[in-house]
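As C-alpha cells, the structure follows; a few thoughts come after it.
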Amino acid sequence: MFPTVIRRWSTTVTKPAKFGQPVFASHPHLIKKDELTPGISAHEYEFRRQSLMKNLPDNSLVVLMGGKIKYMSNRTYKFRQASDFWYLTGFDEPDAAVILEKTSSQRGYKMSLFSSGSNPEKQKWDGARTTFEDAKTHFAFDESLPFHALPGTLRSLLPACDNIYVDILNPSSRRTSPRSILKYLSPSESRSEYDTIMEALSSARRKALAPVVANLRSIKSPAEQAVMKTAAALLPRPIHLSPSLLSNVTLLHLQTMRYTHPNMSEHAIASHFEYLCAVAGSQRPAYVPVVASGPNALIIHYTSNNQIVHQGELVLIDAGCEFNGYASDITRTFPVSGTYSPAQRDLYTAVLNAQKDLIKMCFEAAGVSLMDLHRKSAQLLTTELKQISIGFQLTQSMVERELYPHFVGHHIGIDLHESNHLDRNEVLREGMVITVEPGIYVPPSPHFPKEFHNIGIRIEDDILIGSTGPTILSVNAPKEIADVEGACQGSLGLEPF
Ligand SMILES: [Mn+2]
C-alpha cells in the first residue's frame, strides 16, 4: 500500500540533518533550492519583512517571540512555531526571538536572531539545531546570538526607540501583559535589567504587532495560494508518491466517506482521515476533527468522537490538515447508509443551495464583507427552508435563533482562524482566503416536524477571493448529492483506502 520512493536522493542528501528544520541539502523531497520553507522562497520572506518595516514609523523596533516547546506526559509535544514569527522568518526552532530595527539602509532594517544554537551534547538526544553561523547565511540574519543575550540587547535598544512593536499576550487570560514576556527571559537577569525592559514595555511607546502583521497576512501571495490550494485539495507534491497512489489521495474526504459504514466508531473515521492526511504529506491536523454522527452534529464543536455511527444517520465531518504551514478547514455531511433520507435530502439541499449562492459572492468586485456574507447566509437559509416542509412558518430571526447559531465563516491561512484583528466589516479583497460554512441544526422541538429532529448539516469550503470570481480550494471534496452518495456507495470507482 505504501509507495516506494521513486527518486533516489540518497546519494546526495545530508543525513542526519545539520539544521533544526528541513533544508534542501537534507530534505530535497520537501524543499527546493531557493525555498526557506516548503513552497515559500527566501525572497518572499525578505519581501514580507520589508513590507512590514516600510509601514512602521522611523525609529521603530519589532520584537518577535518564537514558540515554546509544550510538554505532555513529560515528553516534548510536536513543536509548532508561533505563526507571526514563522511568517516573518521561516525559522522553525523553539526558544527563539528576533529583533528587527528599522534603519535607513537599503534593506530598511537590521535583523538579529536569538536562539539556542547547536549543542553537540543535546544534539545526541534531540537532533540538530541550526548553528549561529548557519542562521546568518541561510536565514539572512545580520546578527545571530545565544538566547541569553536577548535581555541585554533589549535593555540597550529599548530606551532609545520611539515605537516598540511586540505582542506579549498572556495566553491564559488572552490579555496583553508586559509581565508575560518575563517568561521568555532568563531568570538570571538582574533586577535593573528587568526594570528597564519592563519600563519600556509598559510605556505608551509599546504598540501591538499582531494587527500590523495580520494585515500583511490577510492577502495571500501566489506562493501561499499554491500551498493553500494543496492543503485544501490534500494533494501532496508528487515526489512522495507513485502516480496511482496520488490519484487516490487527492480526495481524502471522499475516501473517508467511502471508508465509513454502520456500526463503526466516530473515532475510526476521524483516525482514518488523519491517517490519509499524514500519508499525503500533511505535518499535523489543522484542528481536532469533528466527526459527529446523528444528534451529535448539533454540538458545533463536538470533538469527543467516541460514539458508534448507526444506519440511517448522517455523519458531519469537519476536518482539515496543516500542510507546509497553511491550514485547510472543510466540512461535509454524508449519509452512513449511502443514501440520504427524504428529510435529510431536503435539508441538505437547502444548506447546499445557500452555500453555493454565498460562494458566488466571494470576489473583490462584489464589494461584500464577511458580515455581509453572514447576513446573506441567514437570509438565503430562510428562503431555502421555507420551500421545504420544515419552514412554512419560519422567519429569519427564528432561523438565526434556533437553527443557525454560528457565523458564516472566517479568514484562514497560517492559522485556522486567521487573526482576530481582521475586521468582519472589511470588504473582501483579492488574495484573501475565507471559509464559507452555513449550517442548519434542528433541535428536537415540537414546533419542528419530527422527521427533521436531530439533523445537523454543515457544508464548508475554503474560498480564495479573486478579483472577478471565487476559487474553491477544497473543490475535490464531493458535495453534490449524487457525488456524496456515489462516494459513500463506492460507485465512483474508488475502493476503501
Ligand atoms: Mn471553519
Side-chain angles (χ1 to χ4, degrees), residues 83 214 217-218 220 224-225 227-234 252-253 256 269-270 273-274 277 282 284-292 296-303 305 314-323 325-334 348 351-352 354-359 361-362 368-378 380-381 400 403-424 428 432-441 456-465 470-479:
S83 298
R217 274 173 55 183
S218 70
K220 273 68 178 177
E224 289 181 294
Q225 292 174 22
V227 176
M228 289 198 74
K229 199 166 197 168
T230 312
L234 301 167
L252 303 193
H253 269 274
T256 306
I269 300 166
F273 181 82
E274 291 189 336
C277 290
S282 147
R284 55 174 67 75
Y287 50 98
V288 181
V290 172
V291 178
N296 290 342
L298 274 61
I299 303 165
I300 307 296
H301 287 159
Y302 175 81
T303 50
N305 301 340
L314 294 179
V315 171
L316 184 158
I317 174 168
D318 182 345
C321 72
E322 191 177 296
F323 180 80
Y326 290 82
S328 60
D329 182 1
I330 302 163
T331 306
R332 291 293 183 263
T333 310
F334 61 93
Y348 187 90
V351 178
L352 180 63
Q355 201 244 12
K356 291 200 297 194
D357 282 348
L358 290 167
I359 291 174
M361 301 165 65
C362 291
V368 296
S369 65
L370 265 178
M371 194 55 89
D372 295 333
L373 275 185
H374 181 70
R375 283 193 205 103
K376 190 76 189 167
S377 69
L380 284 167
L381 285 170
E400 290 184 74
L403 298 173
Y404 176 43
H406 60 75
F407 199 72
V408 72
H410 51 87
H411 287 261
I412 179 169
I414 296 170
D415 289 315
L416 171 70
H417 285 239
E418 188 90 321
S419 186
N420 301 322
H421 301 282
L422 299 172
D423 183 356
R424 281 174 169 176
L428 296 172
M432 290 178 168
V433 179
I434 61 165
T435 67
V436 174
E437 47 181 311
I440 289 292
Y441 315 85
I457 291 169
R458 178 162 70 255
I459 306 171
E460 174 179 30
D461 282 305
D462 300 345
I463 310 298
L464 168 64
I465 308 295
T471 304
I472 306 176
L473 301 179
S474 45
V475 69
N476 282 341
K479 68 177 176 184

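Because the structure is a prediction, the values reported are computed rather than measured. Residue numbers start at 1 and run along the sequence shown. For ligands, and for the atoms within them, numbers begin at 1 and follow the listed sequence.
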Self-check item: His406 vs Tyr441, ring pair (Phe, Tyr, Trp, His ring centres under 6.0 Å): CA-CA, chis, key distance, verdict
Solution: CA-CA 10 Å; His406 60 75; Tyr441 315 85; 5.4 Å; yes
Quiz item: How long is the span from the SG atom in Cys362 to the CD1 atom in Ile463, to the nearest 0.5 Å?
Solution: 6.0 Å
Quiz item: Quick one: angle Glu437 OE2 - the Mn ion (ligand 1) - Glu460 OE2, to the nearest 10°?
Solution: 80°
Quiz item: For Ser474 and Asp461, does a side-chain donor sit closer than 3.5 Å to a side-chain acceptor?
Solution: yes
Self-check item: Pairwise distance CG(Leu473) to CD1(Ile434) - rounded to 0.5 angstrom
Solution: 10.5 Å
Practice problem: With the Mn ion (ligand 1) as the reference point, give the N/O/S atom of Asp329 that is nearest. | Solution: OD2
Exercise. Look at the N, O or S atoms of His417, main chain and side chain alike, and state whether any lies under 2.8 Å from the Mn ion (ligand 1).
Key: no
